[in-house]
Enquirer: 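Structure incoming, see below.
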Amino acid sequence: MSSQKNYLQELNEVQRQAVTVTDGPVLVVAGPGSGKTRVLTYRIAHLIETKAQPWEILTLTFTNKAAKEMKNRIEKVVGGSAKKVWAGTFHSIFAKILRVEAEKIGYPSNFTIYDTEDSKSVISAIIKEMNLDKQLYNPGAMLSRISSAKSKLITPKLYAQNEELIQQDRAGKRPYVYEIYERYTARCKRSGAMDFDDLLYRMFELLQSNPDNVTQKYQERFKYVLVDEFQDTNFLQYRIVKKLVDYPNSPRNICVVGDDAQSIYSFRGATIQNILDFENDYKAHGIKIFKLEQNYRSTEHIVQAANELIQYNKNQIQKTIRSEKGAGNRIKLFKALTDTEEGKRVVDMITEQKNREHLSNKDIAILYRTNAQSRVFEEYLRRYNILYRIVGGLSFYQRKEVKDLLAYMRLAVNPNDDEALKRVINYPKRGIGDSTVDKISELASQSKQSMWKVLPLISPTLGAKANKSLAGFVHLMESFQEKVKAVDAYEAANFITQQSGVLEAVKNDAPQESKDRTENIIQLLDGIKEFVETDLEEDADVADKSLASYLQNIALVTDQDQDKDDNDRVTLMSVHAAKGLEFSSVFVVGLEENLFPSFMSSDTMEGIDEERRLFYVAITRAEAYLTLTYAASRYSYGKMRYNEPSRFIEEIDWQHLDADVPLHQRKTDTTSAPSEASNRATVRGNFTQIRKNDLPIVDPATFRPSPSEQIAVGQRILHLKFGEGNVKNIDGTNEKRVATIVFPHLDEPEKRIMLKFAKLQILEG
DNA sequence: GTTGGTATCTGTGGA
DNA sequence: AGATACCAAC
């Protein structure tokens, strides 16, 4: 076939090299709109045509959707064999491998995947069991502490031995975190369950402990490894990748693609340190670095604004993105008085763009910082009869009735799944109350077995009534277990839906609610039917149409991955969800201090830098039209709040802007907000609250912040969130004074703190 | 064990 | 504001 390599003609010189240099380590730094996906897909296609079998290629992506899209595009070049490429998220690929290998590390192959809610519930139970104060030991905080330990490869044992961590916990008056971690791990194992971090952590454990030479098996299988969105991987993920490709005499055929300027997941442990480490780790093995700086997406005003904006960040790989699409339109800036007005005006502008520029709904996106902001826009879009779709937010699988049914299915597949059991043992009500459940749970803890396993042993401690109810439940579940083994997912799910009584229970809700919930249940069953009937891939484990197989497939599916319908709709989503996408016209809304940048990040320079990268991602989604909006006042949590325009607006050079208010007024204009200083002060006060999830914590009752003007170099200070530190340096003046403070006990001891926002108490000096 | 009312928390992003 | 967790009374 002579047409085979036509795809190489579609690439520029750097892109072509990034595609054709297939052997040895490669780092591709890819700016926004620089054809990154094209490079990745053509690289894989090129590999298949020149040197590798599809199943020898492993591609790790950020979303399942990205993987699917990539496969489709590879298929267009090389045909159906593209389906055999291993492409998926870290979580889904490792889940797939662990299904096969789990027994080697003491897990059942039908292990359950716990979502965040399940994990928190396990932790709550442990806190209760240990008689600890759950204000102090906030389950969410514990989970994030455990999660961050896991992603640094710190086991419960290592945690207990780690001076620094123990010190932090003691400072926060939480000396038992390590024990919660230990019990949590044991409890998950007992239930045959893995949480999201375990899918990575256990994969690493498998490769590390190497039972039956399993590591070699995967090292040999994956001859070429590619990682997309490398800037958003964490330490643990990088270590797994290293295990797979970096061993003696390995060809080290590893290609990572990323953009440090688009790193927006540090809250989940992602670190751009991985990019720097990658460079170092493979320097001796002839690493090739390619920078894609040509932007094919956006016009010049947009690209220039993005370039200028990102210069405000301290650390970055220097690059300049170029556009050849001409100047294009200026960036529109619109100020609204209220969030409602913002919603109305954005929808007005959408209508105008549709008429004047002949855009379709699908060309347009509204991007916001938090999902909660979507409501006003929905309201006006509905009022104006404009079709829209919301990406993200509460996922379908998180709705109560869906979770209830899924819990029954999970329990039928894996009876040791304690979280599922607790969810359904008395739903619908069947006379098994809290005290009975507590007894079961206690006995399970004592005998270190799952709750299901101790059910036969519990009867002597119960009354006749409870025993009867319990026997009924056991009988019901046994019938489900048999059904699951005998028939396909759809038949089993149907049986469970009917017999469990969930459908009946839902009918007793309020009329509208009942209708919605019934519809959701029907939708769930339809989804299962579709799963059974369609053969998307030739993979063996997808040909498996059992309920167990279905549950495995949906556990890692998010709304982002749902196939959109073909209707022409305006897209509403968070900026995070927009990563990797592009639209002809983009509205970035809610550009206010405390919202974007989020108040959660406003107290450190690192936090602000990440918000800025997020804003960078937001504006570079736009091809031709970019509109920025903000509101002087916004209603949230029952209160009117007044915020200043986002600092990011000022960071865009006026020459790229087309503003409805005189530019010099942008920051100082407060005329529209009620000017009572007291009102502002209270709001400010709320926003500078410390987060509960952050450890260690200084007792707020005894904390006496000093006026920020008094902070000076050499002082020993106390920070609400970070504890004790020393002021090493101060730069900037007045409003923009930034202190570099060293907190010796932290992982990253040096923090750059904006004095305007931070609350610091001078201890001495 | 169940019911109904009240207190409490939540409150950035997502696999 | 809204959802959930918790508790006291039946």
Side-chain angles (χ1 to χ4, degrees), chain A residues 60-67 88-95 113-117 119-121 124 128 134-135 138-141 144 147 151 194-201 229 232-234 236-237 263-270 367-373 375 391-395 397-400 425-438 462-463 465-466 469 554-561 573-579 590 594-602 607 610-611 613-615 617-618 635-641 686-687 689-693:
Chain A
L60 298 164
T61 59
F62 201 71
T63 60
N64 289 308
K65 187 178 149 202
T89 62
F90 280 84
H91 291 85
S92 67
I93 294 279
F94 298 158
I113 296 170
Y114 275 175
D115 64 16
T116 311
E117 207 180 307
S119 298
K120 278 190 193 161
S121 158
S124 292
K128 209 165 160 190
K134 63 182 156 318
Q135 309 275 331
N138 175 309
S144 66
S147 164
S151 62
M194 295 197 199
D195 67 14
F196 288 134
D197 299 309
D198 285 330
L199 293 175
L200 310 176
Y201 186 78
E229 309 283 10
D232 286 324
T233 55
N234 66 29
L236 172 55
Q237 288 168 318
S263 165
I264 54 175
Y265 281 91
S266 74
F267 71 94
R268 219 164 61 188
L367 308 183
Y368 33 75
R369 179 65 181 84
T370 68
N371 284 313
Q373 286 166 257
R375 262 194 43 201
V391 180
L394 235 206
S395 138
Y397 296 105
Q398 287 171 343
R399 294 186 189 151
K400 188 187 172 296
I425 192 167
N426 199 32
Y427 180 84
K429 301 222 153 54
R430 50 171 71 88
I432 305 172
D434 293 346
S435 64
T436 305
V437 175
D438 283 349
L462 298 177
K465 219 172 110 194
S469 311
I554 60 147
L556 297 167
V557 168
T558 62
D559 271 13
Q560 252 101 110
D561 303 322
M573 64 184 149
S574 71
V575 183
H576 280 91
K579 189 170 75 160
N594 296 321
L595 185 61
F596 200 170
S598 156
F599 69 95
M600 308 294 259
S601 323
S602 296
E610 174 144 322
E611 295 285 316
R613 291 192 295 267
L614 192 56
F615 185 51
V617 169
Y635 201 64
S636 74
Y637 305 103
K639 268 189 182 154
M640 193 64 96
R641 319 220 173 222
N686 284 342
F687 279 125
Q689 262 176 17
I690 39 129
R691 289 169 76 176
K692 280 217 179 88
N693 283 16

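Every chain is numbered from 1, with letters handed out A, B, ... down the list of sequences. Computation of the quantities below employed the complete heavy-atom set of this structure, encompassing side-chain atoms and omitting hydrogens, waters and symmetry-equivalent molecules. Source: prediction; values computed, not measured.
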Enquirer: Can any side-chain N or O of A:Asn426 pair as donor or acceptor with the backbone N or O of A:Ile432 at less than 3.5 Å?
Expert: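 Flag set: sc A:Asn426 to bb A:Ile432 pair under 3.5 Å.
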Enquirer: What are the atom names and distances for every N/O pair under 3.5 Å that joins the protein to nucleotides 1-3 of chain B?
Expert:
from	atom 1	to	atom 2	distance (Å)
B:dG1	OP1	A:Gly433	N	3.4
B:dG1	OP1	A:Thr436	OG1	2.2
B:dG1	OP2	A:Ser435	OG	2.8
B:dT2	OP1	A:Gly431	N	3.1
B:dT2	OP2	A:Asn426	ND2	3.1

Enquirer: Just how far, in rounded Å, is C1' of B:dG14 from NZ of A:Lys65?
Expert: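 Roughly 14 Å, once rounded to whole Å.
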Enquirer: If we ignore hydrogens and angles and just use 3.5 Å, is the side chain of A:Glu610 paired with the main-chain N or O of A:Gly607 as donor and acceptor?
Expert: no
Enquirer: Looking only at atom C1', what distance separates C:dT4 and B:dG13, rounded to whole Å?
Expert: 22 Å
Enquirer: On the 0 to 90° scale, with breaks at 30° and 60°, tag the A:His576-A:Phe267 ring pair as parallel, tilted or perpendicular.
Expert: perpendicular
Enquirer: With respect to the phosphate group of B:dG13, does any side-chain polar atom (N or O) of A:Ser598 fall under 4.0 Å of OP1 or OP2?
Expert: no
Enquirer: Any side-chain N or O of A:Asn371 less than 4.0 Å from the OP1 or OP2 oxygen of B:dG13?
Expert: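 For B:dG13, OP1/OP2 do have a side-chain N/O of A:Asn371 under 4.0 Å.
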Enquirer: Looking for any heavy atom pair under 4.0 Å, which part of the strands does A:Thr89 touch: base, sugar-phosphate only, or nothing?
Expert: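 Touches sugar-phosphate only.
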Enquirer: Of the candidate nucleotides B:dA15, B:dG14, B:dT10, which contains the atom at the shortest distance from the side chain of A:Thr116?
Expert: B:dA15
Enquirer: Can you tell me if A:Phe267 is stacked onto the base of B:dG13, using a 5.5 Å centroid cut-off and an angle below 30°?
Expert: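 It does: the two rings, one from A:Phe267 and one from B:dG13, meet the stacking criterion.
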Enquirer: Return the value, rounded to whole Å, for the distance between atom CD of A:Gln373 and atom C1' of B:dG13.
Expert: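 Rounded to whole Å, this separation is 12 Å.
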Enquirer: Do any side-chain nitrogens or oxygens of A:Asn138 fall under 4.0 Å of OP1 or OP2 in B:dT10?
Expert: yes
Enquirer: Please check this pair: side chain of A:Ser144 against backbone of A:Ala141, looking for a donor-acceptor N/O pair closer than 3.5 Å.
Expert: yes
Enquirer: Over how many whole Å does the gap from A:Arg268 atom CZ to B:dG13 atom P extend?
Expert: 12 Å
Enquirer: State whether the side chain of A:Asp195 and the backbone N or O of A:Thr116 hold a donor-acceptor pair below 3.5 Å, judged by distance alone.
Expert: no
Enquirer: For A:Leu556, does its backbone N or O pair with a side-chain atom of A:Asn64 as donor and acceptor, under 3.5 Å?
Expert: yes
